[in-house]
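Just the heavy atoms: all of them, side chains too, but no hydrogens, waters or symmetry mates, feed the values below.
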Amino acid sequence: MSDTYFEFGTAADRWDRAQMFFEAKEYMTAARILEGLVEEVPEQVSPRLLLARAYYHSARLGRAETELRAILERDPVEPYARLMLGRTLERQGRSAEATGHLRMAAAFSGDFDADRSRHQRSR
């Protein structure tokens, strides 16, 4: 696919196309489209969050972490970004660093027992 395909159309067209590729589990293609969108509208959370998810699912964990941290800089109480950052850190073998993010995500969702049950499962 040429680069013009990823840049073609309005931002809304590219958002729809990226979602379509993501839903089809074509995470690398979705990411290529979303990278341009995020560059164009860096303040919008939805494209950046979907980009982080595409990176996560394509095992580009460093890039996922970067996007998630950028979201949390703008919105420290974004619960899904907090959860994803915790899972991304866990997947990188950084469990100790992940714990705080996962606790906050659980608190944001009202699931105060999530950390306790997670701890019990790891024993």
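Remark: Asp13 pairs with Thr10 by the side-chain hydrogen bond (donor to acceptor under 3.5 Å, both in side chains) rule, at least two apart or across chains. With sequence neighbours excluded, no residue satisfies side-chain hydrogen bond (donor to acceptor under 3.5 Å, both in side chains) with Arg91.
Counting all heavy atoms, side chain and backbone alike, Glu90 lies closest to Leu102 at OE2-CD1, 3.3 Å. Pairing each heavy atom of Ala52 with each of Ala64, the nearest pair is O-CB, 3.6 Å. In this structure, Thr88 and Leu61 approach most closely via the heavy-atom pair CG2-O, 3.6 Å. In terms of heavy-atom proximity, Gly9 sits nearest to Arg14 at O-NE, 3.3 Å. Closest of all the heavy-atom pairs between Gly86 and Ala98 is O-CB, 3.2 Å.
Neither side chain, Gln92 nor Glu97, offers a donor N or O lying under 3.5 Å from an acceptor on the other.
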Checklist entry - For Leu72 and Val77, what are the C-alpha separation, side-chain angles and deciding distance, and is it a side-chain contact (heavy atoms from CB on, under 4.5 Å)? => result CA-CA 7 Å; Leu72 292 170; Val77 296; over 6 Å; no

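Using a 4.5 Å cut-off between side-chain heavy atoms of Ile, Leu, Val, Met, Phe, Trp and Tyr, Leu50 falls into a hydrophobic cluster with Trp15, Phe22, Tyr27, Leu34, Leu37, Val38, Leu51, Tyr55.
Applying the side-chain hydrogen bond (donor to acceptor under 3.5 Å, both in side chains) test to every pair with at least one member in residues 71-83, sequence neighbours left out, gives these pairs: Arg82-His101. Note on residues 18-31: no pairs pass salt bridge (charged side-chain N to carboxylate O under 4.0 Å, His left out), not counting sequence neighbours. Sorted by first then second residue, the side-chain hydrogen bond (donor to acceptor under 3.5 Å, both in side chains) pairs that include residues 41-53, not counting sequence neighbours, are Arg48-Glu67.
Distance check: Glu65 CD to Leu89 CG gives 5.0 Å after rounding to the nearest 0.5 Å. How far CD1 of Ile71 is from OG1 of Thr66: 11.0 Å, rounded to the nearest 0.5 Å.
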